[in-house]
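First the proteins, then the strands, lettered A, B, ... as listed; each starts at 1.
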Protein chains: 2
Amino acid sequence: MGRAATDVTSDPELACPVAPVVDIVFSRWTTPILWSLQMFGRHRFVELERRITGITPKVLTQRLRQLERDGLIVRTYHPEVPPRVEYEISDLGRSLGPLFAHLSEWAGVNLEQVEQARRRYDESGAPRG
Amino acid sequence: MGRAATDVTSDPELACPVAPVVDIVFSRWTTPILWSLQMFGRHRFVELERRITGITPKVLTQRLRQLERDGLIVRTYHPEVPPRVEYEISDLGRSLGPLFAHLSEWAGVNLEQVEQARRRYDESGAPRG
DNA sequence: CAGCATCCTTGGGGATACTG
DNA sequence: CAGTATCCCCAAGGATGCTG
């Protein structure tokens with residue numbers, strides 16, 4: 001799915017062991033989706049659509065399918081009128097929790113440094129050479 | 001840089017605290033680059049180009065600039081003939097180490113489950129509804 | 001409601017060629 | 001060597017409209 005070119009895994013020695021995870025967990029929009037399901041529980045399609053600002057239904061569908069296929073979320077179809085579909089995080093998806101915590105902790109500690117570096121670079125740091 | 005649309009941070013309450021990190025750390029090709037510098041130390045441009053299979057010089061330059069701007073790597077220009085440029089990881093970049101370890105540990109434990117889920121989905125799991 | 005179909009746009013990357 | 005400069009392409013993503 002997606003970026004075949006990133007598949008550096010073909011060369012075992014030089015492979016970056018993080019690469020496979022990136023395609024699974026950090027595709028566009030996936031972290032807000034997983035985050036929403038993780039934090040606020042079960043969601044219907046529209047609820048996700050509303051919660052995640054800016055996403056279009058088409059793309060939301062695509063991402064949900066991908067996440068379902070990867071086993072990170074569970075989709076439940078209720079054959080009613082009007083139809084109702086619910087998405088919830090799976091155990092596998094929940095296992096990403098500590099990882100996300102780690103990530104947001106890193107952000108909390110270091111994001112300011114990154115922005116500082118950017119300011120410095122933009123003012124005077126243009127590459128000499 | 002890149003995906004402005006992902007900037008869900010505008011809405012504080014619903015914001016996914018992980019989102020900002022994603023743009024910084026998990027852009028395309030950044031993890032192999034950081035991984036190489038982290039694991040094998042200082043690199044010249046060609047060395048990186050050779051180590052990271054499939055990347056083009058143009059894109060490598062782009063990513064290196066981005067990482068330098070974000071303060072995750074340090075670029076050193078040696079005014080010699082022929083010119084020599086060296087890239088190394090910064091302290092800030094090195095602070096991602098535990099995170100990467102966490103990621104690759106998650107991969108080790110759960111990647112097989114993901115692939116299993118995919119196989120199951122592809123065989124019989126097409127969304128009913 | 002929860003989507004799928006269709007059309008269209010865009011810009012990230014790829015390929016190639018060229019300099020200081 | 002370490003990049004820039006161009007050109008080009010395609011697939012992710014947006015917009016819109018329609019169904020079970």
Side-chain angles (χ1 to χ4, degrees), chain A residues 1-8 19 22-24 26-33 36-37 42-69 73-88 126-129, chain B residues 1-8 22-24 26-33 36-37 42-69 73-88 125-129:
Chain A
M1 204 117 242
R3 46 172 84 159
T6 310
D7 186 19
V8 192
V22 174
D23 287 352
I24 296 170
F26 300 107
S27 308
R28 220 189 166 184
W29 296 112
T30 54
T31 62
I33 294 174
S36 296
L37 297 181
R42 197 180 299 170
H43 281 68
R44 304 182 61 166
F45 188 87
V46 234
E47 292 171 343
L48 278 173
E49 196 179 350
R50 278 197 275 265
R51 192 182 288 284
I52 300 172
T53 321
I55 197 168
T56 61
K58 177 190 159 188
V59 174
L60 178 56
T61 303
Q62 289 175 343
R63 288 289 90 92
L64 288 172
R65 286 290 180 280
Q66 176 188 335
L67 291 169
E68 186 195 3
R69 189 174 102 103
I73 67 175
V74 177
R75 176 181 184 270
T76 313
Y77 175 72
H78 303 269
E80 312 167 359
V81 264
R84 188 161 55 91
V85 173
E86 293 192 310
Y87 295 93
E88 53 189 326
R128 6 42 306 178
Chain B
M1 211 121 256
R3 47 173 82 160
T6 310
D7 186 20
V8 192
V22 175
D23 288 351
I24 295 170
F26 300 107
S27 309
R28 220 191 166 179
W29 297 112
T30 54
T31 62
I33 294 174
S36 296
L37 297 180
R42 197 180 300 172
H43 281 68
R44 303 183 61 167
F45 188 87
V46 234
E47 294 171 342
L48 278 172
E49 196 178 351
R50 277 197 276 263
R51 191 181 290 284
I52 300 171
T53 321
I55 197 169
T56 61
K58 176 191 158 187
V59 174
L60 178 56
T61 305
Q62 289 174 342
R63 289 288 89 95
L64 287 171
R65 287 289 183 280
Q66 176 188 335
L67 291 170
E68 187 196 2
R69 189 174 102 102
I73 67 175
V74 177
R75 177 182 183 269
T76 313
Y77 175 73
H78 303 269
E80 311 167 359
V81 263
R84 188 162 55 92
V85 174
E86 293 191 312
Y87 294 93
E88 53 189 327
R128 10 34 309 179

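B:Ile33 has its CD1 atom 14 Å from the C1' atom of C:dG13, to the nearest Å. C:dC1 atom C1' lies 10 Å from atom OH of A:Tyr77, rounded to whole Å. One atom, OH of A:Tyr87, and another, C1' of C:dC1, lie 11 Å apart when rounded to the nearest Å.
Exactly one residue among B:Arg51, B:Glu88, B:Glu86 makes a side-chain hydrogen bond (donor to acceptor under 3.5 Å, both in side chains) with B:His43. That residue is B:Arg51.
Nearest heavy atom pair, residue B:Arg44 against residue B:Pro83, reads NH2-O, 3.6 Å.
At a threshold of 4.0 angstrom between heavy atoms, the contacts of A:Pro57 with the nucleic acid are absent.
Side-chain atoms of B:Pro83 lie closest to D:dC1 of the nucleotides C:dC1, D:dG3, D:dC1. Considering only side-chain atoms of A:Thr56, the nucleotide from C:dG14, C:dC1, D:dG14 that sits closest is D:dG14. Here the nucleotide nearest the side chain of B:Val85, chosen from C:dA2, D:dG3, D:dC1, is D:dG3.
Residues A:Ile33 and A:Leu60 form a side-chain contact, since some pair of their non-hydrogen atoms from C-beta on lies under 4.5 Å apart.
Within the structure, a side-chain polar atom (N or O) of B:Arg63 is placed less than 4.0 Å from OP1 or OP2 of C:dG13. The phosphate of C:dG3 has neither OP1 nor OP2 within less than 4.0 Å of any side-chain N or O from A:Arg44. In terms of phosphate contacts, B:Arg75 brings no side-chain nitrogen or oxygen within less than 4.0 Å of OP1 or OP2 of D:dA2.
Side-chain N/O atoms of B:Lys58 and base N/O atoms of C:dG14 include a donor-acceptor pair closer than 3.5 Å.
Ring geometry, A:Tyr87 versus A:Phe45: the interplanar angle falls from 30° to 60°, so the pair is classed tilted.
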